[in-house]
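Take a look at the structure set out below.
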Amino acid sequence: MASGYNPAEYESRWQQRWIDERTYEIDNDDPRPSTYVLSMYPYPSGKAHIGHVRNYTFGDLLVRYRTMNGFGVLSPIGFDSFGLPAENAAIKSGEHPRTYTDARIEELSSSLTKIGAVYDWRRMVKSHDPEYMRWGQWIFKQFYNAGLAYRAEAPVNWCPGCKTVLANEQVLGDGTCERSGDLVERVDKVQWFYKITQYAQELLDDLDDLDWPKRVKTMQTNWIGRSEGAEFALPIADAEGNARTDVPGLAVYTTRPDTGFGMTFAVMAPEHERVDELTTADNAEAVAAFRATVGEKSEIDRMSTSGPIEKRGVDTGTKVVNPFTGEAIPLFLADYVLTTYGTGAIMAVPAHDQRDFEFARTFEVPIRSVVQPTAKWADENQLPNAMRPASEWPKAFVDDGEIVNSSNGSLDLNGLSVSAGVQRATEWLESEELGEGRVNFRLRDWLLSRQRFWGCPIPIIYCDDCGEQLVPDDQLPVVAPDDVEFGADGRSPLATHEDFLSTTCPECGKPATRETDTMDTFVDSSWYFLRFADAFNTDAPFTADAAQRWLPVDQYIGGVEHAILHLLYARFYTKALADLGVAPKELREPFKRLFTQGMVRMGGGKMSKSKGNLVAPEAIIEEHGADALRLAILQVKPPAEDVDWEDFQLDGCSRYLGRVWRLAASTGDIDNKRSGDTTNADDEITKSTHRLIERVTNDLERWSYNTAVAAYMEFTNELYRYVQSDGGPHDTTLDFAVDTLLLLLAPPVPHVAAELWEMRHGTHIHEQTWPVADESMLTVATETMIVQVKGKLRDRIEVPAEISDADAEALALASEKVQQFLDGPPAKVIVRAPKLVNIVP
RNA sequence: GCCCGGGUGGCGGAAUGGCAGACGCGGAGGAUUCAAAAUCCUCUGUCCGAAAGGGCGUGUGGGUUCAAAUCCCACCCCGGGCACCA
């Protein structure tokens, strides 16, 4: 036997060879069919932890597999290198974020190399690279000129910990900042926005054609939140309850115009712009008091339903007219109506909306049923008689039912279903010129400005005379100065840096000031995958031709935590760039296929730097080798699932690679090898080899890496038995089996496969072609036919693979074991030759 | 509350209507060795049985089917997302 498996001897040597020999560098004129495999570029936090290793192992396996399949694979890597941690480090230590970040990139790059991941490093993109910033700012300008970037005052999310505003997408469900965990405050501020809402419908529609995990698509669908309904005006009532014509009505939005006859009050958001106008003198004091309490509340308090409901609304004293019934109804303010959605005012139908129901109960507004509850619903709610008045219901009836009590001189909804009622009521509103059908989205525009230093500056200059001006192209990139001091107060030093601030107006040449806000780092990650396609271009962010050559990304790999942040923004950017003619017109989506891998946990919890439970791969690689670590990652669990570090089986994987090593390194020394004609046993090995090719190829294609590892192990076990068998192995049969195994192992464990292949052949395994199974070798001579009696296994019989149904049935019925369970001729026999016969007595 | 996943040995998991538990970990036994490590081989769901063999078994309860971990209905539990969005 050859010397043992010793990865330390050769792993770094192969890593260096892949770089020196430019094995995975690829040019845009490469003649091979192209494919683009991309793992989400990492935030450079320093040395890799085991979670990184898992993510980048999956991508690397695919790059190597596709390369062996004859593709010219674009496999780039970059770093999402702007962001708060570098700035926080600067505040703490005084080290400039750039030097800090460059050092972290160095560490992470080195880690990636040590796990055997291969990239075209020439194409590296770093967010903080001035050349990348130049084009990022240039793109901002195109968006600005197209009306897709604008500045506006709006209620925004302010994180007191990060001292910056956040996008809606960065505020967690509990109202805290996704980064610092601080409670986010709502403040009015002038900020920069991208008009992502312009693409809401397309972002929704195009999800259909993406080969993405269903749950990610669902999350985006929910986030975009399309709803169909009607927008119409409630006339303001005069003292007699008649509609005034001298003031415009109050616009409301509803998805249930079918329940218009059940509207017994209306509600405005406390921040609604017409509150003062529509409050009576008598109620002004109460309204002012109410608005003050709402203003004090945090978003969380406001969202919680635990507070006393009587504190959550106030009567304006004004009445509006329900256009369906002609009745004058009260107008309230309530904190459950949001100013940012729809028109900021609603028609309230307490019988058929739970929030309206609770509000009406407290404020003693009539509850009028206009949809007949179903008997089932009445039953579930202990209402023996569904006809009881709605005021006695325990809750609102919101399901489909038959519309009742709903007619006036020109509209009759009675007897219709909810959906038919919605349609008829909308048509009526339109014909009466009261309103129209309308689609609303939950999605808001993307707030992109950040009051931070370590980000890409927004290329805007403010001039007292000329107003907002774009920085001219020849002055790009706008780069933050180096001579800055980070104070302990956490504010961006940009805002107070005189040399940075003062500039001249590009229009009139007079003194002017720069915008000091920087862009959200999600802007940087919204087009880096396009830059990779043309990374050396100094005249443009990329050419449409280069983008056409590589995009969309054929396989994108990353964490599900980006489902509605990065993955939505990148889709918007791609669509906008295509419409602006920067990217190819046809490029509507950036990522054709998406795979979301699970994360690595520790002790059941998330691994994180702050918890101090990161597992560093270095020590593991030293002890077991990078290949064993990669194999353990693949073997332990399906790649889409979260995994606990405790479940990794490094010893087992190490042991397995040792078995492969001894088998492949020693086949020349086996002394009982035969030549010449092959025996049945030899032919079975050859067939198994072909079956392995088939199995592994299928498993790699369907991301079933854990079963692929099982297949390697099973086959290796079979080869061990074969080598040790009485007859001994046949020389070419064994060589074929071992060589094939090595080829199939090359993507998951690239170093050991390369080393063994070179020992055996003197060539480079990663330049070999992926083996193809011979169809004719996948057939077997005999099958084990299972015989069931009434679905229970009673016997197994070896039968020829091409046995007829009749023969199979006869054989099964003749079985002694089967006979024991039969007392007479069977009632029915199901035959699926050659796999199964099921006898029903 | 709504929307997605998921629930299988001591553990990670396999099985896309047809032999439940592949493969690995852990465990037991054996070979090799002066001994050990390493390595190699065998066994390992559960109950009854000396064995042959048989019963039971994929969260729970029903159903469809010759046949269900797999499909359908109801429920329980775990994980994730969204959540006053009118």
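Basis for what follows: all heavy atoms, side chains included, without hydrogens, waters or symmetry-related copies. Chain letters run A, B, ... following the sequence lines, proteins first and then strands; every chain starts at 1.
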Rounded [atom1] spacing from [N] to [M] in Å:
N      : M      : atom1 : result
A51(B) : A31(B) : C1'   : 27 Å
U42(B) : C75(B) : C1'   : 45 Å
A69(B) : U58(B) : P     : 7 Å
G18(B) : U70(B) : C1'   : 11 Å
U64(B) : G17(B) : C1'   : 12 Å
G61(B) : G55(B) : C1'   : 22 Å
U60(B) : U8(B)  : P     : 10 Å
G26(B) : U33(B) : C1'   : 25 Å

Inset, instruction - Go through the steps to decide whether T316(A) and F332(A) satisfy the test side chain to side chain contact (heavy atoms under 4.5 Å, CB included), and finish with yes or no. - result: CA-CA 5 Å; T316(A) 61; F332(A) 290 89; 5.9 Å; no

Look only at the side chain of [X] and the backbone of [Y], and say whether a donor-acceptor pair between them is shorter than 3.5 Å.
X       : Y       : answer
N706(A) : V636(A) : no
T697(A) : E694(A) : no
Y656(A) : V709(A) : no
Y569(A) : I564(A) : no
N322(A) : M263(A) : yes

Length of the line joining [X]:[atom1] and [N]:[atom2], which is rounded to integer Å:
X       : N      : atom1 : atom2 : value
I564(A) : C3(B)  : CD1   : C1'   : 13 Å
Q820(A) : A52(B) : CD    : P     : 15 Å
L719(A) : C40(B) : CG    : P     : 13 Å
N222(A) : C2(B)  : CG    : C1'   : 9 Å
M219(A) : G5(B)  : CE    : P     : 13 Å
L663(A) : C40(B) : CG    : P     : 11 Å
Y720(A) : A31(B) : OH    : P     : 21 Å
D353(A) : G1(B)  : CG    : P     : 17 Å

Inset, instruction - Using a heavy-atom cut-off of under 4.0 Å over every strand shown, decide if Q354(A) touches base, sugar-phosphate, or nothing. - result: nothing

Legend entry - Sugar-phosphate, base or nothing in reach of R444(A), heavy atoms under 4.0 Å: base

Inset, instruction - Quick one: sort the W661(A) and Y5(A) rings into parallel, tilted or perpendicular, breaks at 30° and 60°. - result: tilted

Inset, instruction - Hey, which sits more toward the 5' end of RNA chain B by its nearest nucleotide, R215(A) or N440(A)? - result: R215(A)

Inset, instruction - For R659(A) and for K790(A), find the nucleotide of RNA chain B with the closest heavy atom, then tell me which residue's nucleotide is more 5'. - result: R659(A)

Inset, instruction - Please determine, for the side chain of D647(A), which listed nucleotide (C82(B), G12(B), G55(B)) has the closest atom? - result: G12(B)

Legend entry - Syn or anti conformation of G12(B), syn meaning chi within 90° of 0: anti

So does [X] get a side-chain nitrogen or oxygen closer than 4.0 Å to the phosphate oxygens (OP1/OP2) of [N]?
X       : N      : value
K214(A) : G5(B)  : yes
R601(A) : G79(B) : no
Y341(A) : A86(B) : yes
K828(A) : U65(B) : no

Inset, instruction - Would you verify whether the NZ or CZ of R659(A) falls within 45 degrees of the ring axis of Y720(A) while also being under 6.0 Å from that six-membered ring's centre? - result: yes

Inset, instruction - Measure from NZ or CZ of R601(A) to the centre of the six-membered ring of W645(A) and say whether it is under 6.0 Å with the direction within 45° of the ring axis. - result: no

Inset, instruction - Starting at the 5' end of nucleotides 15-28 of chain B, put B wherever the base has a protein heavy atom under 4.0 Å, S where only the sugar-phosphate does, and a dash everywhere else. - result: S--BB--BSBSS--

Inset, instruction - Evaluate the side-chain proximity of I50(A) to I620(A): yes if any heavy-atom separation is below 4.5 Å, no if none is. - result: yes

Legend entry - Pair assignment for RNA chain B - dot-bracket with | for other-strand partners, Watson-Crick or G-U under 3.5 Å: (((((((..(((.....[....)))((((((.......))))))((((....))))..(((((..]....))))))))))))....

Legend entry - Candidate pair E714(A) and R691(A), rule salt bridge (Lys or Arg N to Asp or Glu O under 4.0 Å), full reasoning: CA-CA 12 Å; E714(A) 243 172 281; R691(A) 274 200 300 276; over 6 Å; no

